[in-house]
Amino acid sequence: MTPQELAGHIKAALQSAISSGQLALSSEDIPTEIVVERPKNLDHGDWATNVAMQVGKKAGLNPRAAAEILQVILQELPGVEAVEIAGPGFINIRLSAASQGEVARDIIAKGKNFGRGVQLAGKKINVEFISANPTGPLHLGHTRWAAVGDAIARVLEAEGAESAREFYINDLGVQMDKFGASVKAAALGEPIPEDGYHGAYIPELAAQVVSQNPAIVDLAEPQRSEAFRDAAYALQLADQKRVLDNFNTHFDVWYSEKSLHTSGAVDRGFEKLKSQGHMFVEEGATWLRTSDFDDDKDRVLIKADGALTYFASDTAYYVDKRNRGYDLCIYLLGADHHGYVNRLRAVAACAGDNPDENIQILIGQMVKMLKNGEEVRLSKRAGNIITLEDLVDEVGVDAARYSLIRYPVDSPLVLDLDLLVSNTNDNPVYYVQYAHARIASVVRNAAELGLIPADTSNWDPATFDPSQLTDDREGALLGLLADYPRVVASAAELREPHRIARYIEEVATSYHSFYAACRVLPQGDEAVTELNIARLWLCAATRQVIFNGLELLGVSAPDRM
RNA sequence: GCCCGCGUAGCUCAGUGGAUAGAGCGUCUGCCUCCGGAGCAGAAGGUCGAAGGUUCGAUUCCUUUCGCGGGCACCA
């Protein structure tokens with residue numbers, strides 16, 4: 001029996017207690033979501049629910065009395081071994097081994113689809129993240145969003161959403177000109193402007209630009225400056241794409257800010273806002289009255305000199321995303337952009353949308369780095385940067401992604417590079433991957449011994465007898481595996497993929513504990529028993545859940561390490 | 001000044017109103033003649049920053065306060 005099924009039974013038990021007059025409640029008093037969770041202390045049982053405490057007061061009973069009424073009904077369910085009432089009114093439910101073990105059969109049958117849900121079925125969601133200036137390499141700060149943003153998209157898809165990963169290219173404005181001027185200066189052997197970019201990559205870019213087009217240096221101004229800017233931009237953007245592809249983060253849409261202006265999207269955005277009546281002119285400038293919707297003050301769209309603000313691009317971009325059919329636009333921004341939250345939500349409201357439904361802004365805190373025990377200050381212009389590519393070169397894609405995803409984004413992250421570089425075995429990703437490889441090895445050995453086919457899709461469900469799995473550690477592991485769909489659902493709902501990482505670490509711990517205590521394969525010339533086979537099913541189910549979880553994080557699940 | 005986030009074990013951090021607050025690292029004690037020891041079993045280590053409030057119950061929600069980080073534009 002799965003916790004989802006159990007929740008259904010509990011709801012039915014409530015209904016039957018109501019219709020028999022034992023509980024003085026109406027059907028509306030039944031909580032819409034019955035909470036069935038694993039007790040912290042497994043001595044309490046396999047599953048626990050707090051419904052008696054929720055409904056007790058409404059029914060005019062103390063929670064324990066309400067629990068006793070439900071206890072009588074739940075005890076009769078097939079597969080339920082014991083129902084106990086504890087503490088203030090918890091109902092603790094213990095399943096029979098046979099019932100508990102069914103989840104392993106279910107996992108093998110569903111394979112990669114185990115844990116997927118339909119919570120977000122039919123939703124089109126745009127997930128925008130990184131959105132760096134194409135004026136230099138992606139640094140470690142961007143790397144957190146690259147890993148987390150991609151994982152969020154994966155988790156949303158696991159719940160049935162159609163998601164698009166989108167990168168907004170800030171290819172307009174003075175920083176592009178400074179970037180171009182820096183590359184040009186390097187190519188001509190001139191000093192780089194004071195307010196330009198001073199990284200070591202600038203001379204390298206300059207050399208590439210010139211080798212692609214040697215005639216560029218002889219162009220007349222201002223064509224030469226523009227040519228340098230455009231060529232360097234193209235190279236830098238291609239480099240960012242290459243690095244992100246290597247990082248296992250693949251964007252579906254690369255959206256150019258410049259194209260917003262050339263395609264007429266800005267005008268369409270203004271039309272939309274004007275039609276909703278939130279634009280006005282004052283002191284020669286055109287404004288959006290975002291203060292109608294929780295923003296501190298109104299924002300300028302068109303400056304008195306006629307130039308468009310960056311905010312104008314933002315509004316047009318949002319309207320454009322909605323025009324492209326996305327029900328929800330998620331923005332993943334750094335903490336230095338938190339002031340944008342209210343104004344972006346106000347943009348959605350000004351466009352006639354519901355800010356609680358159509359837009360969501362996730363603020364991620366900064367990544368700090370320690371090296372030699374001291375914080376590394378980042379400065380792209382000074383060239384003092386640690387890039388995404390550097391990090392991957394040092395620790396690998398899996399360790400980099402995993403260590404960035406396993407923390408919630410709303411707390412600042414301190415990465416100790418020395419630890420990550422010098423002592424990678426301490427990284428939890430290896431612990432999880434090791435569990436996966438270890439199981440793969442056990443199953444491989446079993447297949448070589450002829451116990452069972454190598455490929456689980458050829459396993460015969462009739463050979464699996466879950467009632468064999470009576471050890472406490474087997475029960476603990478099975479219960480944890482059964483909890484996986486709920487973990488995926490909450491990770492999707494809360495946009496918190498780190499929950500997946502923490503969960504599979506628990507699974508790995510639980511497996512290692514089981515493995516140390518429960519022999520899976522027969523030793524020497526022992527006969528093969530149903531227990532051996534049942535434990536192999538448990539192994540394979542565990543491997544599948546770890547595999548599925550790692551896939552949601554974009555981390556590989558090796559069969560050998 | 002105003003806004004956002006954080007404050008949990010020596011360190012780095014989990015914990016979407018529940019039971020005795022958890023993990024890794026570090027420290028200490030055990031476990032490889034047999035399925036992968038990148039592992040397992042155990043010990044020590046906490047006024048959950050502080051004070052009020054809400055309720056059957058608060059690390060979690062609300063208010064105040066202290067500390068740390070980040071942000072305020074007709075810049076991009």
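Letters A, B, ... are given to chains in the order of the sequence lines, protein chains preceding strands, and every chain is numbered from 1. Here the structure is a predicted model, which means the values were calculated and not measured.
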- Item | G-U wobble or Watson-Crick pairing nucleotide for B:U59 (cut-off 3.5 Å, both distances) | none
- Remember a base hit wins even if backbone is also touched, and classify A:Pro522 as base, sugar-phosphate or nothing at under 4.0 Å, heavy atoms. nothing
- Using the P atoms only, state how far B:G67 lies from B:A50, rounded to an integer number of Å. 15 Å
- Query: Between B:G69 and B:U8, how far is it from one P atom to the other, in whole Å?
  - Reply: 15 Å
- Would you say A:Lys297 reaches B:C72's phosphate, i.e. side-chain N/O to OP1/OP2 under 4.0 Å? no
- Task: Using the P atoms only, state how far B:C31 lies from B:U12, rounded to an integer number of Å.
- Result: 34 Å
- Task: Verify the contact: side-chain N or O of A:Arg343 to OP1 or OP2 of B:A73, cut-off strictly under 4.0 Å; return yes or no.
- Result: yes
- Assigned glycosidic conformation for B:C32 [threshold 90° from 0]: syn
- Message: Any side-chain N or O of A:His498 below 4.0 angstrom from OP1/OP2 of B:G15?
- Response: yes
- Item | A:Tyr515-B:C40 aromatic stacking (under 5.5 Å, under 30°) | no
- Query: Less than 6.0 Å separating the ring centroids of A:His512 and A:Tyr434?
  - Reply: yes
- Message: Rounded to whole Å, please give me the gap between CD1 in A:Ile363 and P in B:C3.
- Response: 17 Å
- Query: So what does A:Arg519 touch, heavy atoms closer than 4.0 Å: a base, only the sugar-phosphate, or nothing?
  - Reply: base
- Message: Between A:Arg499 and B:U16, is there a contact of a side-chain N or O with OP1 or OP2 at under 4.0 Å?
- Response: yes
- Item | Whole-Å distance separating the CE atom of A:Met366 from the C1' atom of B:G69 | 9 Å
- What heavy-atom pair brings A:Gln468 and A:Leu531 nearest, and what distance separates the two atoms? O-CD1, 3.5 Å
- Task: Tell which nucleotide pairs with B:G45, taking only Watson-Crick or G-U wobble pairs whose two distances are both under 3.5 angstrom.
- Result: none
- A:Phe90 ring over B:G18 six-membered base ring, under 5.5 Å and 30°: no
- P gap between B:U20 and B:C48, integer Å: 15 Å
- Task: Answer with base, sugar-phosphate or nothing: what part of the nucleic acid does A:Asn41 contact at a heavy-atom distance below 4.0 Å?
- Result: base
- CZ of A:Arg543 versus C1' of B:G36: gap in Å, rounded? 14 Å
- Task: Using the P atom as the reference point in each nucleotide, state the distance between B:U54 and B:U59 in Å, no decimals.
- Result: 15 Å
- Message: Taking B:U63 as the reference, what is the distance to B:G22 when you measure between their P atoms (whole Å, please)?
- Response: 29 Å
- Query: What orientation do A:His278 and A:Phe293 show, parallel under 30°, tilted 30 to 60°, or perpendicular over 60°?
  - Reply: perpendicular
- Note: A:Ala52 and A:Ala66 closest approach over all heavy atoms is O-CB, 4.1 Å
- Value in whole Å for how far the P atom of B:U20 lies from CG of A:Asn92: 13 Å
- Message: Under 4.0 Å, counting only non-hydrogen atoms across every strand here, what does A:Pro63 touch: a base, just sugar-phosphate, or nothing?
- Response: nothing
- B:A23 and B:U65, which share atom name C1', separated by this distance in whole Å: 32 Å
- On a plain distance test, is the side chain of A:His338 in donor-acceptor contact with the base of B:G71 below 3.5 Å? no
- Query: Taking only N and O in the side chain of A:Ser411, is any of them less than 4.0 Å away from OP1 or OP2 of B:G7?
  - Reply: no
- Message: Please name the nucleotide paired to B:C68 by Watson-Crick or G-U wobble geometry with both distances under 3.5 Å, or report none.
- Response: B:G5
- Rounded distance (Å) that lies between atom P of B:G71 and atom CD of A:Gln365: 11 Å
- Give a yes/no on whether any side-chain N or O of A:Arg299 is located under 4.0 angstrom from OP1 or OP2 of B:A73. yes
- Between B:U64 and B:A21 - C1' atom distance, rounded Å: 26 Å
- Message: Side-chain N or O of A:Ser403 versus OP1/OP2 of B:C13: is the shortest distance under 4.0 Å?
- Response: no
- Base B:A19 paired with A:Asn50 side chain (donor-acceptor, <3.5 Å): no
- Message: Angle between ring planes, A:Trp537 versus A:Phe464, binned at 30° and 60°: parallel, tilted or perpendicular?
- Response: parallel
- Task: Go ahead and name the base partner of B:G30; Watson-Crick or wobble counts if both distances stay under 3.5 Å, otherwise write none.
- Result: B:C40
- Nearest non-hydrogen partners of A:Ala335 and A:Met366, listed with the distance: N-CE, 4.3 Å
- Task: Among B:G15, B:C35, B:G39, find the nucleotide with the atom closest to the side chain of A:Pro408.
- Result: B:G15
- Item | Between B:G70 (P) and A:Asp336 (CG): distance, integer Å | 10 Å
- Query: Given atom NE2 of A:His337 and atom P of B:G5, what is their separation to the nearest angstrom?
  - Reply: 18 Å
- Using a cut-off of strictly less than 4.0 Å, decide whether A:Tyr407 has a side-chain nitrogen or oxygen near OP1 or OP2 of B:G15. no
- In the structure shown, which nucleotide is the Watson-Crick or G-U wobble counterpart of B:C25, with both distances under 3.5 Å? B:G10
- Can you name the one residue among A:Trp254, A:Tyr255, A:Trp145 that meets ring pair (Phe, Tyr, Trp, His ring centres under 6.0 Å) with A:Phe167? A:Trp254
- Message: Expressed as a whole number of angstroms, how long is the span from A:Leu42:CG to B:G22:C1'?
- Response: 14 Å
- Task: Name the orientation class of the two ring planes belonging to A:Tyr197 and A:Phe179 (parallel below 30°, tilted from 30 to 60°, perpendicular beyond 60°).
- Result: perpendicular
- Among B:U16, B:G18, B:A38, which nucleotide sits nearest the side chain of A:Leu494? B:U16
